[in-house]
Each structure stands twice: as C-alpha cells, then as structure tokens.
Amino acid sequence: MKEYNFREIEKKWHQNWVANQTYKVTEDENRKKFYVLNMFPYPSGAGLHVGHPLGYIASDIYARYKRLQGYNVLNPMGYDAYGLPAEQHAIKTGQHPEISTFANIDHYREQLDKIGFSFDWNREVRTCTPDYYHWTQWAFQKMFGSFFCNKHQKAMPIEVLKEHFEKEGTGDWDVACTEEMSFTAEEWNSWDARKQSDVLMNYRLAFLGETMVNWCPQLGTVLANDEVVNGVSERGGYPVEQKKMRQWCLRVSAYSQRLLDGLDTIDWSDSIKETQKNWIGRSEGTEVLIHVAESDVNFTIFTTRADTMFGVTFFVLAPESELVNQVTTPEQRAEVDEYVKYVKSRTERERMIDHTVTGVFSGAYGINPITGDKCPIYISEYVLAGYGTGAIMAVPAHDSRDYAFAKHFNLPIIPLVEGADVSEESYDAKEGIVTNSPVSEEKSMKYDGEALCLNGLTIKEAIQETKRFVSEHHLGRVKVNYRLRDAIFSRQRYWGEPFPVYYKNGIPTMIPEECLPVELPEVEKFLPTETGEPPLGNAQIWAWDEAARKIVDKSLIDEKNVFPIELYTMPGFAGSSAYYLRYMDPRNTEALLSEKAAAYWQNVDLYVGGSEHATGHLIYSRFWNKFLFDLGVSKKEEPFQKLINQGMIQGWSSFVYRIKGTQQYVSFDLLETRYDDAAKKNRYFYQGMEADPIYTDISTVRNGNQLDVEKFRAWMPEFQEAEVVLNPEGHYIVSQAIEKMSKSKYNVVNPDDICERYGADTLRLYEMFLGPIEQSKPWDVAGIDGCFRFLKKFWGLYWGKDDQLQVSDTEATADNLKSLHKLIKKVSADIEDFSYNTSIPAFMVATSELAQQKCTSRQILEPLAVLIAPFCPHIAEELWEAMGHTTSVCDAQWPVFNEKYLVESTVKVGVQFSGKVRFTMEFAADATPQQMIDQVMAAAESQRYLEGKNVVKTIAVPGRIVNIVVK
RNA sequence: GCCCCGAUGGUGGAAUCGGUAGACACGAGGGACUUAAAAUCCCUUGGCCAUAGCGGCCGUACGGGUUCGAGUCCCGUUCAGGGCACCA
C-alpha cells in the first residue's frame, strides 16, 4: 500500500490552493449565497493554541459542505487588532503597538495556513488599518447625527428633531433621551449654539454624557459594564470605582425593545438568548408621582408591584440621586451629608459583597397618593441611582430588601396578601389574594369620586387594577424599564480608533465626512501625559484646521480656525461591531460596502464563536447593525441568523511542590494534604514542612503524571538546581488540574506540533471528535492516534499492494451502496446539526465495511472522497486528483442520498412478552402488522411461550418490536 | 435569591418518532508478529451471578407517574455547570 505521506500531501495542496485562488469568492447572482463567519481573533503574542481552531474548523466544515452543495460561500477571516496587551507591550518596550500587532498577525496567519482553512484571504480585514477604521469613524459620525424615535422605534437624522424644536419645542414627541426635557420653541430659539449643542446631546445616539462610569485607576481608563466582572476589571482584575466623567456614549438603551424582540427571530441557543434577555432586563411596571409633604418638591417612584401601594410604610432614595439635596431637612443635613460621603467612599466591589443594611432618614415625608399617608423618606445605598427613577416606595411586607431595612430601622410592616406570615421574613411571591386594602373610604383617597380597592383580587389582577387607577386619575403612568445601559464609548488609551471630532469653542464638532479617516497620530510615549491627559495628549500634530481641512500642529491652536482634536479613543468593541459587513466589500474606498454587495450577501447565515461575548460584542453588534439597518446600509435587521457557541478546550495544568525556602521538590504522592478553613484551600506538607504548588510546563510531564526531571531542570534557570524527592517507585508524580488554557498556566498545547506529527487532516478530525462543539472539554491527546489510524485506513481503501490506485470501473454491489448511502445520510444530517463528532464514528464504520467488502468501485470511492472533503480537505484533494480529476474537490458535488439503497428485503424485529424480548424474527419488509402478528403468534406457540395463557392484546410496531401482552 | 442548561461504563461520548442502552474511540487487561522496540493485527472490557457451554438478574443521578414498552414524556428531589444579581 502506498504510504500516507501527509506532510507532502498537505504542503502540495496548500501551495496549489494559493496558486489557483481556490477559495477566492465573488458575488454571483446565479448562485445562492451562504455567509459563514468566525468571530475574528485578537492576535495575541502567545499565538494560537489548540482551542482557537475549534470553531474555525467547525465553520470550515460547514462552509465546505455548503460549497459542495452548490452555494456561493463567503468564509472570510481577519483580525480584531486593537487591544490592551499590544498597548501595554508598547508602554513596556517603547515599540509601536502596530509593529507587535502586525508581527503577531503574521504568526497567526502562518499557524492558520497549516490547518487548511477555506478562508478567502483576499478579504482579510484588520481593525487597526485606516482603510478599515475609516468606516468605524463614519458609523460613529452617523450615530452622532441621529436620534431615536420611540414611536416608530427607529433612528432618524438629528436635523429632523432640530427642526421640530425650532417649530414646536419638545412638544409631545416621544424620543429616546438621557433625561426627560421640556421646552418651548421660543426657548429653543433663544438659546445660543453652545446651549443648543448641549441639549441635542440629550438625544443623539452617540453623545457626550456626564455619567457615572466604571473608572479603573490601574488601567487609567473607563470600562463598559460588560468589561467589569464581579466589581473588578475583566482584564487584569483591578479594582473599579464609580466616578462621574464626561464620556462619549452610545444610546444602546434606545434599542432595548428591538434587541429583545429580535431574539425571537434568530436561531441562537436558549442560554445565550436568556443571557441577553437578562442583560436587557425588561421590566413592566408603574411610575407614581409622590409629593413631598410641606414642600413643592415631587419625585417619581418606579414599581412592578403596584398592587402593594397600601403596604407602603416609607420611601427610599438612592444616595447619588439629585433629590437627596432637595428633600433633606436642615436638621438632618449633617447626618445625610456624612452618609452620602460614606457611600461614595465604597468601591463597586465592596458594595456588591457587603449587603448589610445602611441608610439615613432625610427628615422629609412623602405622601402616598392612594392612602394619603405620610411616610418617611430615607436614603440608602440599596437603591440604585441608575435604574428606574432612583427612588422607590418601600413595601417591607412583600420585598425582602425593604423588609431588612424596616427591621433595622424599626419601621411598620403591613401584610397585604391572605395568609402571608411576615413575622420572620417578607412574602415576595407574586401569588395570592390581596387583602387589607381599605373597604371604606376612611384610609383611601378618592379621585373623581373613586377610591381604589383591591380586596379579593389576585396579585396579577390587583397590579392591573392599580395601573388603571393610577393612569386614569393621572397619579402616574404605566412604564417599561430596561436594565440595559448606554455603552460608554471612549477610552483613555492610545491603541484604538481616534474620534473624528474636534472642539470648536468647546462645542464637539465632527470632522467632515470627506476628510475621513482621521489617522491615529504618532506619539513619543504611550502613557498618559503628566497633566493627566490621555496618551493622545502626547501627540504634537493633533489639531484641526477648519479652513485648510487638515490635521495640523497643536501649537497653532490659538490661531483662527484651528481647534483641538478629541484625545479619547474608541473601545475594543467599536471595530468589531460591523466587521461582518466590511467583509462583503472589504476594499471599497467609497463606502462601508456597496449597495450591490449588501444586497447579495445580506447577513451572516452562520456565526461561530465563544459565548463569553454574550453581553458584549453580541449585543453591541446587534445594536450597531440595527442602526445601520435604519440607515438602509445593512439589509437585515439581525446580523447573525444562526449562532453556534463553541466550547472552550481546557488544558491539563501540572504542579510540582517545592518546600518553602528550599530547592527541594517533593513528589505529590508523598505529601500530606490539609484543608485550611481560613484560606479555603488545601495546603501541603512533607515531614512537617510546607510545600507550595508551582506550575510546571506540560512538556516536562510524561506518562500522564510523571515529571521528567531533566527536562524540568532545563526548562527554566530557576529550576536548574532543583533537588527532587522521588516516590518509592523512583518517580516524581505531579498533581494535575483542568483549567483554561493559558500561557501563564503552562498548559498550552499548540496546533503546530500536532500538525507536524499527525498532519492537519488528523488535527481537524480529532478536534471535531473531541465532543460536541458547544461543550467545553479538556484537551487529551490520547484519542488522536485513533483518528490518525482511521485516516491511514481510509487512504488504504484507495491503494493496492503495488502503490497503484485500485479504483476501478466495476459496478458497485448492493452492500457497497448500502454502506455509502448510510454514510451520506448520517454525515449530511450531522453537518446540518453541527454534531460532527458523531459522523466520525460513521466514517470509521463505513471505511471498515468497504474494506471488508474489498470495494474498489469508482462509483463508491469518488463520492466517499467528497464526503470526507469538508473534514479532511488535503487527503480528499489528493485522492480526487489520483482518481483523474483536474479540478479541485471543492468544486465537486455533494453526493445525493438515495433511500432505496437502504431498504432491506427483510426486517429483523425483536419479539417481546411481558416487557422482555424473547426472540428475534425476520419478516418481509412490506409485511403488514397483522401478518407480522400472525407469524409471531405461530412462532410463539411453537416456542411454548403462550402455553396456558390468554392473549389479551397484540401490538405491532413494524421495524422494531412486536409486542404481545399475555395474562 | 431569580433564570437557563445538564446528569448514561474507568474516560470522551452514541442511541432519529418512546421500540433489544452503552455505537465508535480512548484507556486497561490478554495474545500474535519481532532479537528488541516502534508500528500493525486479534480477543476481552457496565455491575453481579453462572461459566465446559447455554444462560439469568440488576442497571441511563434519586423517588414517583403515564405506557404493552421510558435514557427519551410528566411531577417531585438531589447534585454539577452557566447567566443575572440590592434592577424595586
């Protein structure tokens, strides 16, 4: 048999694909399009590990499959090239981040090329190149120039709103905004340009806002909500504090309802949809206006439990709320100020962990409009300024947080639900019958002669009734709130897209569209300036000359028509929010993409990437695309029709144990483990001395868990002098843990080594074989030999003893056809469902069947090569060529499944009595159930199973089981 | 606390509509070939009992239910993973 020389084969076909531009794709009106996309990678210095290609392989298989089915498949790849690591590298070494980024990209490309992807590299994009970020800046400018009409749920040009203001003031137009405003046309027209600009900021989709931001002092930048995890920064794990700052923001919240509704139209996993639903956090409730007693101050509270208005015993304001100053009485002023100061001193993280009750009385009372009761107004950090109105009505009987507060401050608790016992805890459930609302008017306010009474209603009915009452009598209104916040869109960093904005006499002004892109300026240092400006403050050539329409030296700023340019840069998600559109027409210099390309490619049919982007990229992209859809640029409301989230491939981390303060390393099985309750972790001891676990590189481990001491010593200078304490068998045993693959954990397996040893086709096959794509699983090389062996067997099907191809024109046998068509059916269905892991065993079975049948028929072996082509393109090409084809197997046709080859003349079924299969029988495939029953009865009688028993019922399920019930 | 997803051998995992659970692979054990190793090939491998051979019982986290028949459907419980989290 001819040797399976994967190195030669893979090298040959890689060159061939490049030379023939096999994967170049162009719009073709005569063919149906299919758009497959991977989340593009951030090119890190560590290069690819075996986890990265998992999704790429999965989508490549699908892309190749669709192409074989005759679709015109777009399968592009590019780089999310802006990012913090490159910037930090630049700060450390002084090397421009572009240099390290491009070097990393080259390394990625080299690694990717080895795996045999069908990417069209002609369409590569990099978010950090001016021809790309031109369109990021352009989209930002469009958002700046737009507002969102709540009635039509659509973005519109800001000029429309301006005109409206000029003619009618705010009027009753329901428009997405930061703060509700009300002014007349006269007022608007009387304002100067500066004031008008400020007011418009309240409505623009990209706006400068004075908002509470997540400030990370260590990183020296603000972070978006999804970049803060458990109160610390996602990157680096540094503390984050709340700070009021003027920042660029995107009004993502305007699209809340559309982002929610869109989820029903797309084919994503339930868990990711659920995550997004939680993140958007739609909550239907009621806003009620509360008067502050003995003053003319009013405030609005938001509640989802309008039915509990009769149980209100106090109100609470968020400490950051502007109302705090307005309501606080002089006597309480000092105490309140001190409390507000205390709250400010607490970090986000402290507030998240520590839920002890704190608060202070403001001295004021609010009037419950339903009962007329005067209730004290408190200030407490458990009410958040950023959600709802920053003020709540407290119903301690039916809300556990209010309950804790009431107990702490000794406030009354009034239960409102039949049978609810609130002596120990609150009754939070939304089930039950409402009671305790006054029957007569004694404690109830009448409006237009009507008083609210909820007794006897279910809670749900009571909510509806209260909503009606409140709206009809103008005490408040029905309101939908969303948890989704506007995205903070500026960062105090160097390595990002510069804003195409200059400040003309303090008014943020867009650099004309024709002058884009505004290129990232050169700086000497990548750190913030000494005066605390962001790194772009170091740029000398960074001022806008309005007359000359170009960027000029900063020193000219005081001259006529020269103004400073924005020093902030855009965040990471800016460049990754619309890259899928750019791939459709990546070299267009006139537009983000042409009308023609947009109309042809529409949107992404299949998107593959990690689920960690659920509340970041996948929300921002949907928002961005919806905006571009409103503009008519994108042709589909949703960017990604189907989403597959590949799981993580974890690595096996290995640990050696070093006795504290020595160079002695003790084998794991000799250690005594003690659990330290205080530190909540294990500690290890050897002869009374404590030993610390230290990561060791997986390359220093052999036979599963034994340390190769020589390799270990050679690995790092630190370990050169290591003395080891071996176990009685003379081995050093390491301990192991399954963790995320990471350079710092020394558990990274890189695909190059696997390619070198087994070839790309084996790697591709094996990564798919590891388990369902959507699941996380540890990398375990154990099974890879099996995949490699299979490929050798598969190869062997095609070659005779004397290295000659043994494909002949002999007619295929029925068995051959059956094996083939079973496989076609299975593999086609599996690819459609992304359960590739189950088609690999099917391939193995078919291969051994055909080998046993000594099948040499071209009729079988040709389609077989096509079937494996999506999985293992190199071997498929080689065999395809060997069989005399001059075109690529990529342009072959996916074999058509034909049921007729699988139809059996007879069918084997098990015969079952009282729940047990007793014997099997063969029937003609077209036997009717009655015929089968008759035969079974005859057979059963002859086998004496039915002796002395009465048959009460017979059931036949053709093809599987014949079941007879006896008594 | 709320929401989502899941639980099948030593391991990864198969099992379409409810129809003979454990495909396929890994690992493990045994054997063949070989001076030896690698490679390759063959046999065994859910548990218990029986074993010359036939065979029998129990088994899909646990407890119920529906059904002639449940890994699959329904109800409850436990455990593990993920998301959100003073969101009113």
Side-chain angles (χ1 to χ4, degrees), chain A residues 230 269-283 285-286 301-306 308 315-316 318 351-358 380-395 398-402 404-405 428 481-485 611-612 614-615 645 647 704 766 769-772 774-787 789-790 792-793 825-826 829-830 833 835 837-846 848 908-920 952-966:
Chain A
N230 290 328
S269 75
D270 289 343
S271 67
I272 260 227
K273 284 188 183 179
E274 197 58 35
T275 300
Q276 290 211 343
K277 273 183 200 164
N278 281 340
W279 190 258
I280 296 166
R282 182 190 154 100
S283 146
T286 314
I301 57 96
F302 175 76
T303 180
T304 53
R305 290 294 301 275
T308 59
F315 295 98
V316 190
R351 279 178 78 165
M352 276 175 76
I353 294 169
D354 176 20
H355 283 185
T356 47
V357 176
T358 66
S380 174
E381 60 181 336
Y382 86 88
V383 174
L384 305 177
Y387 183 76
T389 58
I392 63 153
M393 62 178 209
V395 186
H398 301 291
D399 183 289
S400 48
R401 296 154 302 180
D402 298 345
F405 195 86
D428 290 16
N481 261 331
Y482 300 91
R483 209 185 63 92
L484 184 68
R485 309 293 166 82
S611 57
E612 66 271 21
T615 55
N645 296 116
Y766 181 59
F769 185 51
L770 223 43
E774 309 218 55
Q775 202 176 299
S776 287
K777 55 240 159 187
W779 177 260
D780 175 10
V781 282
I784 203 163
D785 288 305
C787 288
R789 237 175 283 156
F790 156 71
K792 281 201 280 192
K793 280 187 206 162
K825 187 181 180 188
K826 175 76 180 149
D830 281 348
D833 299 346
S835 36
N837 56 324
T838 64
S839 27
I840 291 156
F843 268 113
M844 295 181 181
V845 170
S848 50
K908 240 189 195 165
V909 303
V911 179
Q912 187 169 326
F913 296 96
S914 1
K916 288 272 177 293
V917 172
R918 305 292 173 170
F919 56 94
T920 59
V952 293
K953 198 169 162 193
T954 58
I955 295 163
V957 183
R960 285 292 185 181
I961 294 284
V962 176
N963 203 309
I964 297 172
V965 184
V966 293

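Computed over heavy atoms, backbone and side chain alike; hydrogens, waters and symmetry mates excluded.
- Which of A85(B), A39(B), C24(B) sits closest to the side chain of Phe769(A) comes down to C24(B).
- When both pairing distances are held under 3.5 Å, U45(B) makes a Watson-Crick or G-U pair with G27(B).
- Of the two residues contacting RNA chain B, namely Ala385(A) and Cys787(A), the nearest-nucleotide position lying further toward the 5' end is that of Cys787(A).
- For Gly771(A) and Glu274(A), each mapped to the nucleotide of RNA chain B holding its nearest heavy atom, the one lying further toward the 5' end belongs to Glu274(A).
- Remark: C1' of C24(B) and CZ of Phe790(A) are 11 Å apart, rounded to the nearest angstrom.
- Note on Ser611(A): every side-chain N or O is 4.0 Å or more away from OP1 and OP2 of G83(B).
- In a base pair of the Watson-Crick type (N1 to N3 plus N6-O4 or O6-N4) or a G-U wobble (N1-O2 and O6-N3), with each distance short of 3.5 Å, C2(B) is matched with G83(B).
- For Tyr382(A), no side-chain nitrogen or oxygen approaches OP1 or OP2 of A88(B) to under 4.0 Å.
- Ranking C24(B), U40(B), C86(B) by closeness to the Arg789(A) side chain, first place goes to U40(B).
- For the C1' atoms, the distance from C24(B) to C33(B) is 27 Å, rounded to whole Å.
- Among the protein residues, Gly388(A) comes within range of no part of the nucleic acid, since none of its heavy atoms lies under 4.0 Å from any strand.
- When the P atom is compared between U66(B) and C74(B), the two are found 16 Å apart, to the nearest whole Å.
- Both distances falling under 3.5 Å, in either a Watson-Crick or a G-U wobble arrangement, occur for no nucleotide opposite A14(B).
- For the C1' atoms, the distance linking G19(B) with C73(B) amounts to 14 Å, nearest Å.
- Which of C41(B), A88(B), A14(B) sits closest to the side chain of Lys793(A) comes down to C41(B).
- At a threshold of 4.5 Å between non-hydrogen side-chain atoms, the residues Tyr382(A) and Ile392(A) count as touching.
- The side chain of Pro841(A) lies closest to A23(B) when the candidates are A85(B), A23(B), A39(B).
- Rounded to whole Å, the C1' atom of C48(B) lies 41 Å from the corresponding atom of U34(B).
- Atom CG of Asn278(A) is separated from atom P of C3(B) by 10 Å (rounded to the nearest Å).
- Remark: the separation of the C1' atoms in G22(B) and C58(B) is 15 Å, to the nearest Å.
- One finds the CG atom of Leu484(A) at 12.0 Å from the CG atom of Asn278(A) (value rounded to the nearest 0.5 Å).
- C84(B) shows a glycosidic angle more than 90° from 0 and is accordingly assigned anti.
- Nearest to the side chain of Lys826(A), among U40(B), C5(B), A15(B), sits A15(B).
- Between the Thr304(A) side chain and the Gly285(A) main chain, no donor and acceptor come within less than 3.5 Å of each other.
- The glycosidic torsion of G9(B) lies within 90° of 0, placing the base in the syn range.
- Here Asp830(A) pairs with Lys826(A) in a salt bridge; the nearest charged N to carboxylate O distance falls below 4.0 Å.
- Between Trp779(A) and Tyr766(A), the ring-plane angle classifies as perpendicular under the 30° and 60° cut-offs.
- In this structure a side-chain-to-backbone donor-acceptor pair under 3.5 Å is missing from Arg483(A) to Tyr387(A).
- Distance, Asn481(A) CG to A88(B) P: 9 Å, rounded to whole Å.
- Nearest nucleotide to the Pro772(A) side chain, out of G13(B), U40(B), A88(B): G13(B).
- Comparing G6(B) with G65(B), their P atoms are spaced 25 Å from each other, to the whole Å.
- Protein atom CD1 of Ile280(A) is 19 Å distant from nucleotide atom P of C3(B), rounded to whole Å.
- Across all strands shown, Leu770(A) has heavy atoms under 4.0 Å from sugar-phosphate atoms exclusively, and none from any base.
- Here C62(B) sits opposite G76(B) as a Watson-Crick or G-U wobble pair (both hydrogen-bonding atom distances under 3.5 Å).
- Spacing between atom CE of Met844(A) and atom C1' of C26(B) amounts to 10 Å, rounded to whole angstrom units.
- Atom C1' of nucleotide G82(B) and atom NZ of Lys277(A) are separated by 16 Å, given to the nearest angstrom.
- Side chain of Asp402(A) to backbone of Val395(A): a donor-acceptor contact under 3.5 angstrom is found.
- Rounded to whole Å, the distance from CD1 on Ile784(A) to P on G12(B) is 18 Å.
- When distances run from any side-chain atom of Thr615(A) to the nucleotides A88(B), U40(B), C84(B), the shortest one goes to C84(B).
- Within 4.0 Å (heavy atoms only), Val395(A) reaches no atom of the nucleic acid at all.
- The separation of A70(B) from A15(B), taken at their C1' atoms, amounts to 13 Å, rounded to a whole angstrom.
- Residue contacts shown for Asp428(A) are absent, as no nucleic acid heavy atom lies under 4.0 Å away.
- As a whole-Å value, the separation of Arg282(A) CZ from A88(B) P is 13 Å.
- Relative ring orientation between Phe843(A) and Phe790(A) is described as tilted, the plane-to-plane angle lying within the 30° to 60° band.
- Taking a pair to require two hydrogen-bonding distances under 3.5 Å in either a Watson-Crick or a G-U wobble arrangement, U40(B) pairs with A32(B).
- Rounded to whole Å, the P atom of G71(B) lies 10 Å from the corresponding atom of U20(B).
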